[in-house]
Q: 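Got a structure for you, questions after.
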Amino acid sequence: YILFYNFLGLFLFYLGFFLFSWIHGDARKVVYPTDSNGHFCGQQNTLNANKAILFYFNMLKCANPAVLINLQCPTTQLCVSKCPDRFATLLDARNTKSWEYYEQFCKPGFKIEVIRDEDCPAMIVPSRPILQRCFPDFIRRDGILTVANQTIFKDGNNHKRMYVFVCCRGFVIAMVVSLLFILLLRFTAGVLLWLLIFGVITAVAYGIWHCYWEYSSLSGTPGSNVTIPEIWIQADLKIYLQQRQLWLIFMISLSVFEASIVLILIFLRSRLRVAIALLKEGSKAIGYIMSTLFYPLVTFFLLAICTAFSAVTAVFLASSGNAVYKVTSVDDKCVYANITCNPETFIQTNVTNVCPGSQCMFAFYGGETAYHRYILLLHLCNLFVFIWLTNFTIALGQCTLAGAFASYYWALNKPHDIPLCPLYASFSRAIRYHTGSLAFGSLILSVVQMIRIALDYLDHKLKGSHNACARFMLCCLKCCFWCLECFIKFINRNGYIMIAIYGKNFCTSSKDAFFLLMRNVLRVAVLDRVTDFLLFLGKLLIAGSVGTLAFFFFSGELPVLQAEVPSLNYPWVPILTVIFGSYMIANGFFNVFTMCVDTLFLCFCEDLERNDGSSSRPYYMSPGLHKILRKQEEATTSSVAS
């Protein structure tokens, strides 16, 4: 209860911290856009009262990585009453009738006789206000997108709809296949897994043969011996498919992957049956508690709340104080870059002479009070609490799933003895009794992760350093703390399972789980190696299958759907999106399945130590699982004895 009250106190402190930042922050700085002088656009009783839209001189500069550091686009920003509605350039507009219109997008008070680069934009294009900011207006005319009839683009409207439609359809296919894969394991685990293994081996072998055939058929073809670096990035995928070097790279990669799979299967062939039994038992448990497959949505919802709360707090912290201006230069080597400046006296300084084209622009909000001097510390506190709440949410999900699956295992007569609504009951127990333990485990992990963030920051700062010893020590520290984080995650995961089973505190549960695993180290190898390997093959097969369908679709190789194929400039973007999304969806379903297998494995080890199979102390495991694992144990004992 002490840990629970401490965590509750932290939560209340975080609420007070949010209110404190909200009081000192200025909501207008979030709602209204701000020009380069730090003035709000559209604020009443100011010079910009009728200018509610922000105009960027050169929006392409907003893609500069410096935006992530300074949180400000390195180009002049001006408040305007409306966005440009025509195309014009500074050279064409000067000394013409259109100058009167063009002049409203220049800085007030400039002299037309001597126009500097930062006084007026080099060009303006038809734009429309989006979130009170001017963005180029793409107009659809006769199936073509144009921007003021100057630059022609492919029709992105239908292509965008088709792109989103194809990606969503790929995600749905991945979700359905993942769900069917898990459910079918309940009935045909052995057959499906052996088919999966041989299916992956056969598919990779066919890929090797196909790459060799393509490599041989392109021999003597003009232009087929061009190297990949010479081609670099091309919009048409067929250009890559006509190069022998690409097929050679594919063939070698697939051969190495095939050899790795075969070697792993040879060395772990005797334990595949054990892994199949565990997966089959896990599939049965999920079949009886189907609601566990959708619990990741609850975790996602809670993580979204934590992220939004922390982001709003960070915004209010960043928006508290007065406007701070810094020197912005187009030259990265400017010695005055990012130095605080005064926009009213900036022209009188020597900065523009040393760094031509530099400007004194609004950077962020700050001050000289004690509150603002410790604003960085407050940001770090906000980051730490965010990491802690994130780890706590993940720990809550792991403990909840473990409790639901443990209730399945410890039911003597399955499924009749399984309690009603096991997932909800497990979630209620975790919230009511185990909040302190989960918070303590999350705190330990969060401290290590904060140290890793600090080490990454130091590594970023020391990139230009010539001190090899310091960089070596930092690299060693990063490696050590990465290993420590992985170890803590492993201990926490199994500790949460023991908490869900026995309800003990975090330290006792983690210690019991660790020594239980050490007493069954050979079985742990079965669980962590074979089972994870088979599940990885399942995720790879699902993502690869959906990705292959997407590749053939966008390449126009499917005659049935050839009429629906959009003409995209970069078809590899939706293909990679479909592959990544499919893998993440499959990973979400399989994470629940992995948690199920881990829980059943710990329950099985505990069952073997607590019970002996007699009528007074019967085993709770299924007879099939007990038979297979006992055979594996006897085979291991005999091999050691010989």
Side-chain angles (χ1 to χ4, degrees), residues 179 182-190 274-296 298 396-434 437 493-504 509 512-513 516-517 520 523 526-527 531 589-630 632-633:
L179 184 59
I182 293 176
L183 293 179
L184 287 177
L185 285 177
R186 179 184 179 187
F187 306 101
T188 57
V274 181
I276 291 172
L278 287 171
L279 294 174
K280 188 174 182 179
E281 196 69 17
S283 181
K284 287 182 180 179
I286 291 180
Y288 288 124
I289 315 175
M290 287 289 294
S291 57
T292 55
L293 286 175
F294 303 98
Y295 183 81
V298 178
L396 177 63
Q398 292 176 345
C399 187
T400 299
L401 292 175
F405 295 130
S407 64
Y408 161 82
Y409 185 91
W410 297 111
L412 186 59
N413 298 317
K414 303 176 181 63
H416 304 290
D417 292 344
I418 299 178
L420 186 64
C421 300
L423 184 65
Y424 174 76
S426 177
F427 181 80
S428 302
R429 288 195 302 270
I431 290 293
R432 183 176 181 182
Y433 300 110
H434 309 319
S437 297
R493 182 183 181 90
N494 292 282
Y496 297 149
I497 295 175
M498 296 300 285
I499 289 174
I501 296 174
Y502 291 108
K504 298 180 181 179
S509 299
D512 294 343
L516 181 63
L517 293 174
N520 297 271
R523 296 191 179 110
V526 174
L527 180 69
T531 306
F589 280 99
F590 280 44
N591 279 342
V592 176
F593 194 74
T594 304
M595 193 67 197
C596 177
V597 175
D598 290 345
T599 303
L600 296 181
F601 178 76
L602 277 181
C603 291
F604 164 77
C605 295
E606 190 72 14
D607 193 13
L608 283 180
E609 293 188 356
R610 289 172 50 184
N611 304 305
D612 55 7
S614 62
S615 57
S616 58
R617 292 190 301 169
Y619 286 124
Y620 285 83
M621 70 186 75
S622 64
L625 178 62
H626 177 245
K627 180 179 179 181
I628 292 176
L629 288 172
R630 276 298 186 187
Q632 178 65 29
E633 184 181 22

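Just so you know, these numbers come straight off a predicted model, no measurement behind them.
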Q: In terms of side-chain heavy atoms, does Tyr502 have a donor or acceptor partner in Glu606 at a distance below 3.5 Å?
A: yes

Q: Might you point out which heavy atoms bring Arg429 and Gly403 nearest each other, and give the distance in Å?
A: NH2-O, 3.9 Å

Q: When rounded to the nearest 0.5 angstrom, what distance separates CH2 in Trp410 from CG in Asp607?
A: 4.5 Å

Q: When you compare the side chain of Tyr620 with that of Asn611, does any pair of heavy atoms fall below 4.5 Å?
A: yes

Q: With the side chain counted from C-beta on, respond yes when Asn520 and Glu609 share a heavy-atom pair under 4.5 Å apart, and no when they do not.
A: yes

Q: Could you walk me through whether Leu396 and Phe427 pass the side chain to side chain contact (heavy atoms under 4.5 Å, CB included) test, one step at a time?
A: CA-CA 8 Å; Leu396 177 63; Phe427 181 80; 3.8 Å; yes

Q: For Asp512, check salt bridge (Lys or Arg N to Asp or Glu O under 4.0 Å) against everything at least two apart and list the hits.
A: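 Lys504.
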
Q: Measure the spacing between CG of Leu516 and CG of Asn494 and express it to the nearest 0.5 Å.
A: 9.0 Å

Q: Report the distance from atom OG of Ser283 to atom OH of Tyr288, rounding to the nearest 0.5 Å.
A: 10.5 Å

Q: To the closest 0.5 Å, what do you measure between CG (Leu602) and OH (Tyr409)?
A: 10.5 Å

Q: Taking only residues two or more places apart in sequence, or in another chain, which ones meet Arg610 in a salt bridge (Lys or Arg N to Asp or Glu O under 4.0 Å)?
A: none

Q: Roughly how far apart are Tyr619 OH and Leu412 CG, rounded to 0.5 Å?
A: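 Answer for the OH-CG pair, Tyr619 versus Leu412, is 13.5 Å.
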
Q: Which pair of heavy atoms, one from Ala285 and one from Phe405, lies closest together, and at what distance?
A: CB-CD2, 4.1 Å

Q: Can you give me the closest heavy-atom contact between Gln398 and Met595, atom names plus distance?
A: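 So the two residues come closest at O-CE, 3.3 Å.
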
Q: Just wondering, do Met621 and Leu600 contact through their side chains at under 4.5 Å, heavy atoms?
A: no

Q: Measure across Gly503 and His434 and return the closest heavy-atom pair with its distance rounded to 0.1 Å.
A: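 Looks like CA-CE1, 3.5 Å.
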
Q: Please assess Ile286 against Tyr408 for the test side chain to side chain contact (heavy atoms under 4.5 Å, CB included), listing each intermediate value before the final yes or no.
A: CA-CA 9 Å; Ile286 291 180; Tyr408 161 82; over 6 Å; no

Q: With distance as the sole test, does Ser407 use its side chain to make a donor-acceptor pair with the main-chain N or O of Ala404 at under 3.5 Å?
A: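 Here the side-chain-to-backbone pair exists.
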
Q: Is there a side-chain contact between Leu517 and Phe601 in this structure, where contact means two heavy atoms from C-beta onward sitting under 4.5 Å apart?
A: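 Result yes, sub-4.5 Å side-chain heavy-atom pair found.
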
Q: Looking at OG1 of Thr599 and CZ of Phe604, how far apart are the two atoms once the value is rounded to the nearest 0.5 Å?
A: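 Answer rounded to 0.5 Å: 15.0 Å.
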
Q: Provide the closest heavy-atom pair for Ala500 versus Cys399 in the form atom of the first, atom of the second, distance.
A: CB-O, 3.6 Å

Q: Could you check if a side-chain atom of Tyr295 sits within less than 4.5 angstrom of a side-chain atom of Ser291, using non-hydrogen atoms only?
A: no

Q: Provide the closest heavy-atom pair for Pro296 versus Leu293 in the form atom of the first, atom of the second, distance.
A: CD-O, 3.4 Å

